[in-house]
K.L.:
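My structure is below; once you've seen it, I'll send some questions.
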Amino acid sequence: MKNLLYVKLSKRKIPLVYIGILVFTCILYRNIFITYAYTDVYEFVLNASNSNFIDVFIQQGRILYGFFNKILFTNFNSIEYIKFIRLISLLGGILYLFCLTKVLLKNNFPFIFSLLVVLLFATTPSFNIIILWSATYQVSWGMLLSLLAGYIALEHRHSIAYFLLSIVLGLVALNLYQPSYTMFIIPSFLFWIKEGEINGFLRPLAIHATTYIFYFILYKFYLSVFDLLPVGRGGIEYNLFYGFLWFTKGPFEQALSYNFIFAPKFWLNLTRIVLLLIITMASFKIVKDNFGKTIKTNLFRFLITGVFFVLSMLPNMLSADKWVSYRTMNTLCLLIVIQLTIVLNNKPFNSNKYYLPIFTFFFLSVSFLTANFNINNGFISIQEKEMRGVASALSAHVGDIQKNIFYIQPDIKILVKNDIIERVVTDEFGRLSSSSDWVPKPMIKLLLPENSGRIRPYVDQIQEKNYALIDIGKEYLRVIDND
């Protein structure tokens with residue numbers, strides 16, 4: 001009996017795969033054209049025209065990102081126009097999904113299998129956030145370039161010209177967003193799954209490491225040219241054991257939640273246990289299929305599979321900045337999705353011709369619905385209503401442009417405490433933008449540009465007579481009640 005995931009599709013029907021990806025993605029991200037902004041975007045729009053705006057991005061090692069930010073946020077200099085920057089991110093995301101499909105097919109993974117991997121990955125929080133947040137528009141393009149660099153390094157590993165091309169693409173990706181470059185390892189991981197040959201991907205991984213070295217040299221060079229110092233997060237973590245512990249306890253544990261990020265804790269932990277078992281099963285299947293049953297050999301090959309997971313978060317492991325965020329975890333989430341899809345090809349799912357199609361359709365549907373909730377209820381709705389609430393409160397003071405404005409910053413857990421959302425998820429889902437202390441001031445300035453008074457956080461006593469007090473959390477809750 002043939003597994004549904006391994007049904008062959010005629011070349012004439014290949015375009016249907018890409019059309020399916022396009023329709024699925026556009027439906028899932030249909031609301032990105034709503035007017036809203038999130039955290040850093042307020043500051044970017046307000047300060048992009050400043051002469052030193054690009055400096056902080058140079059210090060972070062993302063000079064190309066700073067350059068494009070300068071162009072985009074200077075021209076799209078209103079919250080209303082930020083949706084067009086999200087369109088750039090969506091376009092990059094769709095092209096990346098197309099490219100990932102092509103790489104899967106080139107590695108002789110069947111069409112339906114490849115389509116399932118791509119669609120499940122599109123529902124992960126890591127992929128969600130890079131489309132939803134206007135400040136992460138560069139990540140999808142960095143992932144695309146990194147995937148191409150990894151594919152070129154693998155397929156043309158004996159060519160000096162392609163070796164150089166791979167390094168150039170990698171350097172561009174690193175200067176857009178360093179964690180996006182981990183996507184380079186995906187073609188090598190797929191090769192490992194299919195062929196089980198270490199020698200086949202050693203040269204590509206050597207190119208991967210070489211690119212990091214060239215990048216570090218380039219980073220130090222342009223810091224010197226612009227006479228700038230690296231930011232704190234630009235430091236290096238030399239304690240590799242600590243970096244590994246951080247990986248297992250931080251991003252790996254979080255990625256095992258898949259996209260059930262707002263589920264109750266019991267179901268969240270259950271999901272992590274199940275996915276950990278799935279990853280282990282898939283890893284042993286790869287080893288067993290390719291190398292037989294010698295314990296010593298199998299253990300070594302199993303560890304090789306684990307190395308790919310570590311490489312998926314390498315820039316963050318080596319960075320002094322150990323903050324866990326979904327936007328840095330795309331490669332790790334994709335590895336988990338690939339492992340999950342491999343297990344679908346095994347018992348008990350393929351023991352009956354009806355089990356696999358039913359379970360596959362069910363799981364994809366649940367993934368889509370969960371992602372739809374994360375995107376709309378866990379992010380877009382929150383940011384849109386917060387902005388609307390603040391704008392409504394400020395509208396009463398438009399007539400007096402000299403009025404000083406004091407604001408009360410909301411608690412980061414205000415949505416949890418009011419039973420609006422289950423939990424705050426890193427710094428991306430389930431929270432108000434203004435809970436970050438650098439956001440309220442640029443937010444108010446952009447929403448009330450006519451005001452020439454001072455904008456300050458609220459203190460116990462206000463001496464001024466002519467002032468307005470904006471409690472951002474209460475304004476948001478008022479919008480919730482009115483809606």
Side-chain angles (χ1 to χ4, degrees), residues 35-89 129-130 132-139 141-142 175-178 219 222-223 225-234 321 323 325 327 383-384 386-388 390-391 393-394 397-398 401-407 409-410 427-428 431-457 468 470 472:
T35 300
Y36 70 88
Y38 181 63
T39 59
D40 295 352
V41 173
Y42 289 105
E43 193 174 10
F44 288 1
V45 174
L46 187 66
N47 298 323
S49 58
N50 295 344
S51 58
N52 63 345
F53 174 73
I54 197 174
D55 287 0
V56 68
F57 303 106
I58 296 174
Q59 293 175 288
Q60 292 173 353
R62 304 169 186 173
I63 190 170
L64 291 178
Y65 177 48
F67 174 75
F68 289 121
N69 272 353
K70 180 76 172 176
I71 295 173
L72 290 173
F73 287 98
T74 299
N75 287 280
F76 297 109
N77 57 353
S78 168
I79 299 301
E80 185 180 349
Y81 301 140
I82 295 304
K83 65 187 74 172
F84 298 112
I85 297 179
R86 290 194 289 271
L87 182 60
I88 294 172
S89 184
I129 194 61
I130 67 172
L132 301 175
W133 189 3
S134 303
T136 55
Y137 66 89
Q138 87 286 12
V139 182
W141 294 94
N175 280 283
L176 286 172
Y177 191 64
Q178 295 94 328
Y219 171 50
Y222 60 63
L223 280 177
V225 169
F226 291 98
D227 193 25
L228 294 169
L229 296 173
V231 293
R233 67 176 62 180
D321 178 25
W323 184 254
S325 56
R327 59 190 178 275
Q383 310 313 320
E384 186 273 333
E386 176 189 29
M387 190 179 69
R388 184 150 48 97
V390 175
L394 290 171
H397 310 292
V398 172
I401 63 173
Q402 301 296 327
K403 186 173 289 187
N404 294 321
I405 297 176
F406 291 87
Y407 60 84
Q409 183 181 343
D427 63 341
E428 293 149 333
R431 53 166 289 192
L432 299 178
S433 289
S434 54
S435 60
S436 296
D437 56 12
W438 69 88
V439 174
K441 190 170 182 178
M443 175 190 285
I444 292 170
K445 280 188 175 181
L446 286 173
L447 295 176
L448 192 60
E450 302 89 350
N451 184 271
S452 59
R454 297 177 64 186
I455 301 172
R456 288 172 287 174
I470 308 295
I472 299 177

K.L.:
Where is the tightest heavy-atom contact between Ile470 and Ala393, given as atom of each residue plus distance?
P.N.:
CD1-CB, 3.8 Å
K.L.:
Are Phe226 and Ile54 close enough that some pair of their side-chain heavy atoms sits under 4.5 Å apart?
P.N.:
no
K.L.:
Tell me the closest heavy-atom pair linking Ala391 and Leu447, and the distance in Å.
P.N.:
N-CD1, 4.0 Å
K.L.:
Checking Phe68 now: which residues fulfil side-chain contact (heavy atoms from CB on, under 4.5 Å) with it, not counting sequence neighbours?
P.N.:
Leu64, Tyr137, Leu176
K.L.:
Please report the closest heavy-atom contact between Ala135 and Val41, naming both atoms and the distance.
P.N.:
N-CG2, 3.7 Å
K.L.:
Roughly how far, to the nearest 0.5 Å, is CD1 of Ile472 from CG of Leu432?
P.N.:
8.5 Å
K.L.:
Not counting sequence neighbours, which residues clear side-chain contact (heavy atoms from CB on, under 4.5 Å) with Thr136? List them please.
P.N.:
Ile130, Trp133, Gln138, Val139, Arg327
K.L.:
Rounded to the nearest 0.5 Å, how far does OG of Ser436 lie from OH of Tyr38?
P.N.:
6.0 Å
K.L.:
Flag the pair Leu448 / Ile455 as yes when at least one side-chain heavy-atom distance between them is below 4.5 Å, and no otherwise.
P.N.:
no
K.L.:
Is it true that atom CZ of Phe406 has more than 12 heavy atoms of other residues, nucleotides or ligands lying nearer than 6.0 Å?
P.N.:
yes
K.L.:
With sequence neighbours left out, what residues match Asp227 under side-chain contact (heavy atoms from CB on, under 4.5 Å)?
P.N.:
none
K.L.:
Looking at OG of Ser78 and NZ of Lys83, how far apart are the two atoms once the value is rounded to the nearest 0.5 Å?
P.N.:
9.0 Å
K.L.:
Listed by chain and number, what are the side chain to side chain donor-acceptor pair (under 3.5 Å) partners of Tyr222, not counting sequence neighbours?
P.N.:
Asn175
K.L.:
Report yes or no: does Tyr219 contribute a side-chain atom to a donor-acceptor pair with the main-chain N or O of Gln59 at less than 3.5 Å?
P.N.:
yes
K.L.:
Which pair of heavy atoms, one from Leu132 and one from Arg86, lies closest together, and at what distance?
P.N.:
O-CD, 3.1 Å
K.L.:
Quick one: side chain to side chain donor-acceptor pair (under 3.5 Å) partners of Gln178, sequence neighbours excluded?
P.N.:
Arg62, Tyr215
K.L.:
Restricting to side chain to side chain donor-acceptor pair (under 3.5 Å), what partner residues turn up for Thr39, sequence neighbours left out?
P.N.:
none
K.L.:
If you measure from OH on Tyr42 to NZ on Lys445, what distance do you get to the nearest 0.5 Å?
P.N.:
15.5 Å
K.L.:
Measure the spacing between OG of Ser433 and CE of Met443 and express it to the nearest 0.5 Å.
P.N.:
5.0 Å
K.L.:
Work out which heavy atom in Ser434 is nearest to a heavy atom in Pro440; give both atom names and the distance.
P.N.:
O-CG, 3.6 Å
K.L.:
Taking only residues two or more places apart in sequence or in another chain, which ones pass side-chain contact (heavy atoms from CB on, under 4.5 Å) with Asn47?
P.N.:
Glu43, Asn50, Phe53
K.L.:
Find out whether Pro457 and Gln409 are in side-chain contact, i.e. whether some heavy atom of one side chain is under 4.5 Å from a heavy atom of the other.
P.N.:
no
K.L.:
Does the pair Lys441 and Leu46 meet the rule for a side chain to side chain contact (heavy atoms under 4.5 Å, CB included), with working shown?
P.N.:
CA-CA 10 Å; Lys441 190 170 182 178; Leu46 187 66; over 6 Å; no
K.L.:
Return the set of residues passing side chain to side chain donor-acceptor pair (under 3.5 Å) with Glu384 (not counting sequence neighbours), or none when no residue passes.
P.N.:
Arg388
K.L.:
Going from CD1 on Ile85 to CG on Asn75, what distance comes out if it is rounded to the nearest 0.5 angstrom?
P.N.:
9.0 Å
